[in-house]
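Computed from a predicted model, the values in this text were never measured in an experiment. In what follows, every heavy atom counts, from backbone to side chain, and hydrogens, waters and symmetry copies are set aside.
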Amino acid sequence: MRVAIAGAGAVGRSIAGELLENGHEVLLVDKAPTAISVERVPQAEWLLADACEITSLDEAALQRCNVVIAATGDDKVNLVVSLLAKTEYGVPRVVARVNNPKNEWLFNESWGVDVAVSTPRLMSALVEEAVSVGDLVRLLRFSHGDANLVELTLPADSSVAGTQISEISWPEDTSLVTIIRGNRVLTPHGEETSSRPAADLRS
């Protein structure tokens, strides 16, 4: 899979390193000469260019990318990159970083964003996860279909404790994707039960 990342700062380089380790082809794009640190991610392709310029994206051959990640520290840049990637180059998957939570409402399919990742929201979700039992914690918002990935930590006295997954009445349009018990991540099956205290259900 070919992935282009706009923004070669600490976040962009970290994402690039993870993707390269998983066998993907990565292009890092940044307009700041000081951000071009080939020695930090030598396996990646590097392009010194403004990702908001069509000529730069042409040079990056964005039409050959399966995924574009807008990972700069500027929300305006991330929105422009996302919109161009989706509308001008037909990139199938666009992921955008949200720096200011107040701008989160903009990061949707209207701007070409398939998945918006809000660092402040993720941080707050992790804090809430550490202290909340019985409350829903939103981990991630998906633009298409107005879907959310949420986590619920069941208290020990939960009414569904010991109940098989197939017997639980889930809210409409809810899909259980995983169960976390201690350090174990379980794929939910109909016969699986939520019997353990403080089990995490993600849907």
Flag side-chain contact, heavy atom, 4.5 Å: [X] against [Y]:
X	Y	answer
Glu109	Asp114	no
Leu27	Val3	no
Asn66	Arg93	no
Thr87	Trp111	no
Ile69	Val67	yes
Ser56	Val29	no

For [X] and [Y], indicate whether the former's side chain and the latter's backbone hold a donor-acceptor pair under 3.5 Å.
X	Y	result
Ser82	Asn78	yes
Lys86	Pro92	yes
Asn99	Ser118	no

[X] with [Y], same ILVMFWY side-chain cluster at under 4.5 Å:
X	Y	answer
Tyr89	Met1	no
Leu19	Val38	yes
Val68	Val113	no
Leu62	Leu83	no

For [X] and [Y], work out which heavy atoms get closest and say how close.
X	Y	answer
Ala16	Val26	CB-CG1, 3.8 Å
Ala116	Val98	CB-CG2, 4.0 Å
Val94	Gly112	CB-O, 3.2 Å
Ala71	Ile15	CB-CD1, 4.3 Å
Leu28	Ala44	CD1-CB, 4.2 Å

If I take atom [atom1] from residue [X] and atom [atom2] from residue [Y], how far apart are they, to the nearest 0.5 angstrom?
X	Y	atom1	atom2	value
Thr72	Ile5	OG1	CD1	12.5 Å
Glu59	Leu47	CD	CG	4.5 Å
Ile36	Leu48	CD1	CG	5.0 Å

- Query: Between Arg97 and Asp75, is there a salt bridge with N-O shorter than 4.0 Å?
  - Reply: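 So Asp75 does not pair with Arg97 through a salt bridge.
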- Any pair with a residue in residues 25-51 that passes side chain to side chain donor-acceptor pair (under 3.5 Å), sequence neighbours left out, goes on the list, sorted by first then second residue, please.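 For residues 25-51: Arg2-Glu25, Arg2-Glu45.
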